Amino acid sequence: MVKIEFLGPIGKESIELDVKNLKDVAKELNKDENISIWLEKSAVALNDMIVNSLDIELKDGDKISILPPVCGG
Amino acid sequence: MVKIEFLGPIGKESIELDVKNLKDVAKELNKDENISIWLEKSAVALNDMIVNSLDIELKDGDKISILPPVCGG
Amino acid sequence: MEIRFQFYLLFAVDDMVEIYKGPLDVKDIISRWLDECDGRNWGAFIPFIGIVRQEDGIEALSFDIYEPILLKWFQEWQDKAQKKGAIVKMAHSLGDVPIFTSSYIAAVMSPKRRVALELIDEFVEDFKANAPIWKYDVIDGKRIYAQTRSTAMDGAGLMSKKD
Amino acid sequence: MEIRFQFYLLFAVDDMVEIYKGPLDVKDIISRWLDECDGRNWGAFIPFIGIVRQEDGIEALSFDIYEPILLKWFQEWQDKAQKKGAIVKMAHSLGDVPIFTSSYIAAVMSPKRRVALELIDEFVEDFKANAPIWKYDVIDGKRIYAQTRSTAMDGAGLMSKKD
């Protein structure tokens, strides 16, 4: 199982998914319209590292974070 | 009479000259080697305004300042 | 700035990143950072102090922070600064920050003036674009995501259907 | 910075230019300038703090200032800042400033971050190039003109024989 966290204004509780790679996570998340509208402008982190490809295998216990547009300061 | 001030490291007392324009001042100052070596790298102010031309007539009481290279901060 | 609030430090990492609950005590933070400069032979110290402006009827701004990625983002900047002989520092607020108070201080200390001036600019701009912090306007006690002022982070859209 | 010196304000012009005999009391100056920000709806305050470095065996730097032209130079920058909705401020030392103490603070207050970051850079750089201030190294109590670090002002050479 991998854990998906939705950060900041997405305002959704974390979920757990039984998936093998990041592509599968993307596929699952796009099924929910309340999430998919955030995805086009959100960055993705795997275990707190920003990733730039979906071709990444996942292992049990991995944490994926969805980071919507930011504005610090 | 116009007054010539030598600022900062030039370390020379002010002098007074009986001249009619800035060109005459330049001519006079270039006669003194201890001053002329500063002139090529010094800016010139007339009554505390930096000037960019020597074609300026002077009147009695004018103050000319010679400003050598600066380094504030 | 007149002190009308209590200041709560939540955590500090290696004396580099400080996160506070609510507004920053600017004088205290700058004063401590100046003390750190003392005798260290820095030639230039430039803090950038961000203050919450009164506009669009807001009473405060409010912030969420995702600390693990913030600290990684910051460490990369510290490494970049160190290569130029400089260091960077930052303080930021979590939660509500009333108008006219400070939510953000970034700073550079460097032997050289040019390095410091360039670094503070790049550091603050990249902070705005990529630090994992989310801003909300507080109006009538409600927290409204500052969507139009927010910036998609580098690499955003990776999971978008369109791809 | 630990206060080991007495601080002497020589004069201040319209709360914008402050000239001190000897080193600057950085905390006091920054603190007062922050108080001036309070409630004025500035969004960004950036001070640049210049500190005398220990190098080449100097015990202090020393400064001459020609105030009339400094104030005119400053007023032009104030006008430039005002057109962008910002203000600039500065404090500088006259005479000797020991190593590890501050001789120079410049600052920008602006509603906008970008304006403040660009202005502090331009203001500090033009200060270095054109403010009528002369720097000396103090070594063994002697005052030596910092010739190689000095910059000929805009328009220099007007009276040179070569022209």
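These figures come from a predicted structure and were not determined experimentally. In what follows, chains are A, B, ... by sequence order, proteins preceding strands, each numbered from 1.
Residue pairs that meet the side-chain hydrogen bond (donor to acceptor under 3.5 Å, both in side chains) test with at least one member in residues 15-25 of chain A, sequence neighbours left out, are A/K23-A/D55.
Using a 4.5 Å cut-off between heavy atoms, C/Y136 contacts chain A through its side chain alone, with no backbone atom that close. Both the backbone and the side chain of C/T151 come within contact range of chain A, each with at least one heavy atom under 4.5 Å from a heavy atom of that chain. Proximity to chain A (any heavy atom under 4.5 Å) is shown, for C/A106, by neither the backbone nor the side chain. Using a 4.5 Å cut-off between heavy atoms, A/K31 makes no contact with chain C at all. Looking at C/K72, only its side chain comes within 4.5 Å of chain A, counting heavy atoms on both sides.
The residues C/D35 and C/R32 are annotated as not salt-bridged, no charged nitrogen and carboxylate oxygen being separated by less than 4.0 angstrom.
Shown here is C/K112, whose NZ atom has no more than 12 heavy atoms of other residues, nucleotides or ligands within 6.0 Å. Heavy-atom neighbours of A/M1 CE from other residues, nucleotides or ligands within 6.0 Å: above the threshold of 12.
Under the 3.5 Å distance criterion, the side-chain polar atoms of C/E59 are left unmatched by any main-chain donor or acceptor of C/I99. A donor-acceptor pair under 3.5 Å is formed between the side chain of C/Q78 and the backbone N or O of C/V88.
Considering CG of A/N52 and CD1 of A/I56, their distance stands at 8.5 Å, rounded to 0.5 Å. Once rounded to the nearest 0.5 Å, the distance linking CD1 of C/I105 with CG of C/L24 reads 5.0 Å.
Using a 4.5 Å cut-off between non-hydrogen atoms, the part of residues 116-127 of chain C that approaches chain A consists of C/F127. Close approach to chain C, defined as a heavy atom under 4.5 Å from one of its heavy atoms, is seen in A/S65, A/I66, A/L67, A/P68, A/P69, A/V70, A/C71, A/G72, A/G73 of residues 65-73 of chain A, taken by number. Of residues 2-12 of chain A, those residues lying under 4.5 Å from chain C by any heavy-atom pair are A/E5, A/L7, A/G8, A/P9.
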